[in-house]
Amino acid sequence: MKLVSHSSLTLVAVYFQLASAQQAVWGQCGGIDWKGATTCVAGTVCQYSNAYYSQCIPSASATGVSSVSSATGGSGGGATPTISGGLPGATSTAKLHTIAKAAGKLYFGSATDNPELTDTAYTAILDDNTMFGQITPGNSMKWDATEPSQGDFTFTAGDVIANLAKTNGQLLRGHNCVWYNQLPSWVSSGNFNAAELQSIVATHCSTVVDSWDVINEPFNDDGTWRSDVFYNTLNTTFVPTALNAAKGADPTTKLYINDYNIEYAGAKSTSMQNLIKSLKAAGTPVDGVGFQFHEIVGELPGGLATNLEAFTALGVEVAITELDIRMTLPATAALYEQQKTDYQTVISACMSVEGCIGITIWDYTDKYSWVPSTFSGQGAACPWDDSLLKKPAFDGIVAAISA
Ligand code: 9MR
């Protein structure tokens, strides 16, 4: 059985609140350097006053406030709402996919993952196809999930995501076909010779046809090829093998190579450009380059649009595929403000490049972000907080799309 394919495009920790107890009515519940409770007792909400002070006030007298228990977080008529930790939230009520489409992009999307789909407050937002017109499975289409032992193709979990996209009327980005990580040991430690591994790659990529990210993270940060079972056994030939196999399985599939730290000029970006050039010269099918964009607040590289244009000039489309912008916890209003600026900068770069076709955030909420379990002490990387309330970053995204 193949993964469900639909539309021409298709194919393919929790951030800890440090507070231990809840703050009493009228007590402080947030602000720069505040180390006390950041949630309020029942019947009160934490209202943002300024960057240095948020206060628990009775729910009845709150103005423009989004209670942390509200999953929808309305704007309250333009007043700055307060979200988890007594921090300021977003004011915009725009729908991201709708405005991205109106601005000429194909989609605004989010990653998701199978275990999260039992969270109905989460799916209520994910399923809104005016907010997200595209989804990417965070894990369930990877090699360990789809071919855990040789020839044993299981698409049960991947199909759940594919069917969800279909039901919601959302595009689906497959992720991924060939990656050194989440690779079952029968592949990585199978001691196959080149002919055998070539055939294994071809079989895998021609069966998991819905994959857009056919090749994931082939380079080291210094621009050299990553030493993994594919490169070590096949040199660079696994790339055309995988791309040709995916193309053969579904000629309408847009085939991407996806990586991180290629969003700025440097050795890794240059290596990726050289790979695209050589694939094009050899007539190997490749349609796009995915820029993951896993970033750090206040540390965005410069020259983003220029670098994206260096790729589109080679005749490929580009997409932002895994955007998130993390910070050192605890989150503060100042960090949220910088994060808003940074989201706006990244989205603006894509908006200014015609060949940048869409943007996917690597899940929309901190509740299910990969960051805290990977980077100790860091998190709050997504535009929605861990209570599913919109952060200032949301307004930054809207501002960039609407500019
Ligand atoms: O979000 C994914 C997380 O749940 C997995 O534990 C992790 C480990 O492989 O992979 C995460 O997704 C990665 C993506 O597939 C490729 N680019 C980097 C992403 C974050 O690690």
Side-chain angles (χ1 to χ4, degrees), residues 3 11-15 109-119 122 126 132 134-148 157-158 160-162 164 172-185 187-188 204-205 208 210-221 226 228-230 239 242 255-264 268-269 272 288-297 318-327 346 358-384 386:
L3 295 168
L11 266 235
V12 358
V14 177
Y15 125 57
S110 175
T112 188
D113 206 357
N114 297 64
E116 305 161 21
L117 301 178
T118 55
D119 179 344
Y122 169 84
L126 182 77
F132 301 117
Q134 177 273 337
I135 56 176
T136 306
N139 286 297
S140 55
M141 290 186 192
K142 292 173 178 173
W143 200 315
D144 58 353
T146 54
E147 195 184 3
V160 169
I161 308 290
L164 182 69
L172 174 71
R173 182 184 197 88
H175 176 82
N176 50 51
C177 189
V178 178
W179 191 27
Y180 75 94
N181 204 354
Q182 289 174 279
L183 190 60
S185 59
V187 183
S188 54
H204 186 73
C205 292
V208 187
D210 288 355
S211 193
W212 266 40
D213 294 326
V214 179
I215 307 292
N216 199 42
E217 303 174 5
F219 294 115
N220 295 311
D221 279 348
R226 189 185 288 278
D228 61 15
V229 66
F230 303 110
V239 177
L255 307 176
Y256 269 64
I257 303 178
N258 190 50
D259 214 328
Y260 59 90
N261 290 352
I262 55 167
E263 65 276 22
Y264 51 92
K268 196 171 186 179
S269 171
M272 185 64 89
V289 174
F291 294 75
Q292 296 186 5
F293 269 95
H294 294 295
E295 304 295 334
I296 300 171
V297 166
V318 298
I320 294 178
T321 53
E322 304 184 13
L323 175 61
D324 51 28
I325 310 181
R326 63 185 182 267
M327 62 183 68
V346 173
I359 297 140
T360 306
I361 46 181
W362 204 240
D363 224 319
Y364 72 83
T365 165
D366 295 333
K367 187 172 183 181
Y368 297 120
S369 170
W370 69 291
V371 169
S373 59
T374 304
F375 300 100
S376 176
Q378 297 183 51
C382 303
W384 275 254
D386 52 2

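Excluded from the calculations below are hydrogen atoms, water molecules and symmetry mates; all remaining heavy atoms, backbone and side chain alike, are included. Indexing begins at 1, ligand by ligand and atom by atom, following the structure's order.
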- Task: Look only at the side chain of Asp119 and the backbone of Tyr122, and say whether a donor-acceptor pair between them is shorter than 3.5 Å.
- Result: yes
- Message: Counting non-hydrogen protein atoms only, what is the nearest one to atom 1 (O) of ligand 1? Give residue, atom name and distance.
- Response: Trp362 NE1, 2.9 Å
- Query: Thr112 side chain to Pro137 main-chain N or O, any donor-acceptor pair under 3.5 Å?
  - Reply: no
- Message: Using a 3.5 Å distance criterion without hydrogens, assess whether the side chain of Ser110 forms a donor-acceptor pair with backbone atoms of Tyr364.
- Response: yes
- Starting from atom 18 (C) of ligand 1, locate the nearest protein heavy atom and write down its residue, its atom name and how far away it is, to 0.1 Å. Glu322 OE1, 3.2 Å
- Protein heavy-atom partner closest to atom 11 (C) of ligand 1 - residue, atom, separation in Å: Lys142 NZ, 3.6 Å
- By side chain to side chain donor-acceptor pair (under 3.5 Å) - contacts of Gln134 (at least two apart): Thr136, Thr360
- Query: Do any N/O atoms on Asn176 end up under 3.5 angstrom from N/O atoms on ligand 1?
  - Reply: no
- Query: Can you check whether Asn258's main-chain N or O pairs, donor with acceptor, with Asp213's side chain at less than 3.5 Å?
  - Reply: no
- Note on the structure: Under 4.0 Å between heavy atoms, the region of Asn216 that gets near ligand 1 turns out to be side chain
- Atom indices of ligand 1 within 4.0 angstrom of Trp370 heavy atoms, with elements: 1 (O), 20 (C), 21 (O)
- Message: Walk me through whether Asn181 and Glu217 qualify under side chain to side chain donor-acceptor pair (under 3.5 Å).
- Response: CA-CA 9 Å; Asn181 204 354; Glu217 303 174 5; 5.9 Å; no
- Query: Which part of Tyr260 is near ligand 1, with near meaning a heavy atom under 4.0 Å away: side chain, backbone, both or neither?
  - Reply: neither
- Query: With a 6.0 Å cut-off on ring centres, are Phe132 and Trp384 close enough?
  - Reply: yes
- For Glu217, take its heavy atoms, then give the atoms of ligand 1 lying under 4.0 Å from any of them. 16 (C), 17 (N), 18 (C)
- Task: Would you check the N or O atoms of Asp113, main chain and side chain alike, for any that come under 3.5 Å of an N or O of ligand 1?
- Result: no
- Item | Residues that Phe375 engages under ring-ring contact (aromatic ring centres under 6.0 Å, His included), provided they are two or more places apart | Trp370
- Tell me which part of Asn139 gets within contact of ligand 1: side chain, backbone, both or neither, using heavy atoms under 4.0 Å. side chain
- In ligand 1, which numbered atoms sit nearer than 4.0 Å to a non-hydrogen atom of Gln182? 7 (C), 8 (C), 9 (O), 10 (O)
- Please identify which atoms of ligand 1 are closer than 4.0 Å to at least one heavy atom of Asn181. 9 (O)
- Message: Do Tyr368 and Glu116 pair up side chain to side chain, a donor and an acceptor below 3.5 Å, judged on atom types alone?
- Response: no
- Note on the structure: Of all protein heavy atoms, the one nearest atom 14 (C) of ligand 1 is His175 NE2, 3.4 Å
